[in-house]
Participant: 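Mind looking over this structure? Questions follow.
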Amino acid sequence: MDENINTIHVLFIAAEAEPFIKIGGLGDVAGALPKTIRKLSERSSGDYGIDIRLVIPYHADIKKKSFAIEKIANFQVDSISGQVPCEVYYSNQNGLPVYLLDSLAINNNSPVYHADPLLDGMKYIFFSKACLELTKHLKWPIDILHANDWHTASAVYALKTTYKRDPFFKDTKTILSLHNLPFMGFGAQDALTKYALSPGNDPYLPDWAKHSPLPLGLLTADKIIAVSPNYAKEILTPEFGCGLESFLQTRSSKIMGILNGIDTNIWNPIQDNEIICKYDSGTLTSKSKNKTALQAAFNLEISQEIPLLTLISRMDPQKGVDIAIRGLQTCINESWQAIILGTGNPVIEQMANDLANKHPTHIKTVTKFDAHLAHQLYAGSDIFLMPSRYEPCGISQMISMNYGTIPVARATGGLADTINNYKSNRADSTGFLFTKPYPSAFKCSLQRALKLFYQKDVWLRLQRNGMHQDFSWNKSAASYIQVYRSLIN
Ligand code: GLC
């Protein structure tokens, strides 16, 4: 990158990032967003280039894969019980510089997220502090520290407390992106103490939140960016604020929302090698070949006239899979078929399996992670179910619309921002939304979709509307660049 006096230096820090490691949606975002920001800023001829670099922990699972990674440095991180060594590895991912930090504090052979909150706390508080020490060690002063979720939120807090008087960070501004508010890093109190981070002392911060990384980051960030504009508003309410709503209201001038994107090179039915028959919005009849192939593979009746529903999700209470299962049970005698793909909570998996076992002719369940099958389901089904209890942004609904598969989803978070609820007089409708997280509300919305499925011209319009939307990362990246610039000015 050509360095000029106006270049903005951004350190983007996260617990996971594709292609190195992906557990959830954060991995998609940290894999795509910094890369796109860097590319976009290289292409634009504006005053400011963005030298953005990514830092993630060098997780044990990354070491098992073969990436071009070299060791470039090591340094020490202070703690109250002495210095903790940290090793720095480097990799270049299509032009994006990536640092991977390794240390006994990070890598006791533990998984990316540990079930023990204290161990997880020790790992991520260390990592957060090590990210700041890394920039000093590299003598690379940063204009912006961009942290994500609780795992890296304490880096934001440390900058405004422990490092407050450090001239190296004199002009550094901070952003905290919020992908999932309920995960606050509870249990990390001893880890904060170990790395000399004192509890928060804001009068509006509830006592229970004063020792947890995410609230402390929210307390001190110059900007809080939720991953959709609607989630940015929802977190100010008791239903979604997780007890922090009153505190967040005092910070509302710092809060905004920017929608995530999807990788439109991977999720694009006209160039998707994983599906039986490629298509675009002009050749939607070819989509039916994908449906036939699915029906055959799953031993379902082969017919274009039976709507095929699909649900692809982590089996987690957040995702409301149980709401859909209960709702489907109550309209079991109507004409539809369903394929459910996902893994996670054993109780929800069992519910899905029970449903399929009871109605084997028209419901199938696959309880595993299967990316290849996911492509085929997006392409081959008619309706995509996304009954989330909360959904900060959501990715699958955007993918399904790109594949001309109509979403039936709860009107929450990013789902409400990306799906236009069907109304007969609304030309830009793209799907069906329901408000309450109840099986009955889900069922009503599904039945509206099932009815409209047979009005072929209207259905086609919905499909095309969805496929013509721009869900690429370029749009999000451009918005983040604007925020970076506004913070520097
Ligand atoms: C979390 C949220 C999800 C969001 C993702 C990426 O996984 O639950 O809604 O899409 O983060 O921001």
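What's counted below: heavy atoms across the whole structure, side chains too, no hydrogens, waters or symmetry copies. In each ligand, atom 1 is the first atom listed, and ligand 1 is the first ligand listed.
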Participant: Nearest protein heavy-atom contact for atom 7 (O) of ligand 1: which residue, which atom, what distance?
Facilitator: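 Closest protein heavy atom to atom 7 (O) of ligand 1: Gly25 N, 3.9 Å.
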
Participant: Do any N/O atoms on Cys393 end up under 3.5 angstrom from N/O atoms on ligand 1?
Facilitator: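 Yes, there is a polar N/O contact under 3.5 Å.
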
Participant: If the cut-off is 4.0 Å to any non-hydrogen atom of Val29, which atoms of ligand 1 fall inside it?
Facilitator: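 Those of ligand 1 that fall under 4.0 Å from Val29 are 6 (C), 12 (O).
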
Participant: Under 4.0 Å from any heavy atom of Val227, which atoms of ligand 1 are there?
Facilitator: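 This gives 12 (O) as the contact atoms.
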
Participant: Would you say the side chains of Asp354 and Gln350 form a donor-acceptor pair under 3.5 Å?
Facilitator: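 The answer is yes; a qualifying pair exists.
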
Participant: Which one of Phe20, Tyr58, Tyr89 satisfies the ring-ring contact (aromatic ring centres under 6.0 Å, His included) criterion with Phe67?
Facilitator: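 Testing each of Phe20, Tyr58, Tyr89 against Phe67, the sole residue satisfying ring-ring contact (aromatic ring centres under 6.0 Å, His included) is Phe20.
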
Participant: In terms of residue, atom name and distance, what is the protein heavy atom nearest to atom 8 (O) of ligand 1?
Facilitator: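 Of the protein heavy atoms, Gln318 NE2, 2.9 Å lies nearest.
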
Participant: Check the side chains of Asp417 and Asn230 for a donor-acceptor pair under 3.5 angstrom, ignoring hydrogens and angles.
Facilitator: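 Note: Asn230 and Asp417 side chains miss the donor-acceptor criterion.
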
Participant: Who's the nearest protein heavy-atom neighbour of atom 6 (C) of ligand 1, and how far?
Facilitator: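 Result for atom 6 (C) of ligand 1: Asn260 ND2, 3.3 Å.
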
Participant: With a 4.0 Å cut-off on heavy atoms, is Gly394 in contact with ligand 1?
Facilitator: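 Yes; Gly394 lies near enough to ligand 1 that a heavy-atom distance drops under 4.0 Å.
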
Participant: We want to know whether Thr174 and Asp222 form a side-chain donor-acceptor pair, criterion being a heavy-atom distance below 3.5 angstrom.
Facilitator: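 There is such a pair (donor and acceptor under 3.5 Å, judged by atom type) between the side chains of Thr174 and Asp222.
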
Participant: Can you confirm whether the side chains of Tyr403 and Asp272 place a donor and an acceptor under 3.5 Å from each other?
Facilitator: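 Present: a donor and an acceptor within the cut-off.
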
Participant: What is the nearest protein non-hydrogen atom to atom 3 (C) of ligand 1, stated with its residue, atom name and distance?
Facilitator: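 So the nearest neighbour among protein heavy atoms is Glu391 OE2, 3.3 Å.
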
Participant: Quick one: do Asp120 and Lys123 make a salt bridge, cutoff under 4.0 Å?
Facilitator: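 No salt bridge links Asp120 with Lys123.
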
Participant: Return the residue, atom name and 0.1 Å-rounded distance of the protein heavy atom closest to atom 2 (C) of ligand 1.
Facilitator: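 Protein heavy atom at minimum distance: His179 O, 3.2 Å.
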
Participant: Count the heavy atoms belonging to other residues, nucleotides or ligands that lie under 6.0 Å from NZ of Lys63, then report whether that count exceeds 12.
Facilitator: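 Yes, enclosed.
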
Participant: Run the numbers for me: atoms of ligand 1, each under 4.0 Å from some heavy atom of Asn180, listed by number.
Facilitator: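 Near Asn180, meaning under 4.0 Å from one of its heavy atoms, ligand 1 has 8 (O).
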
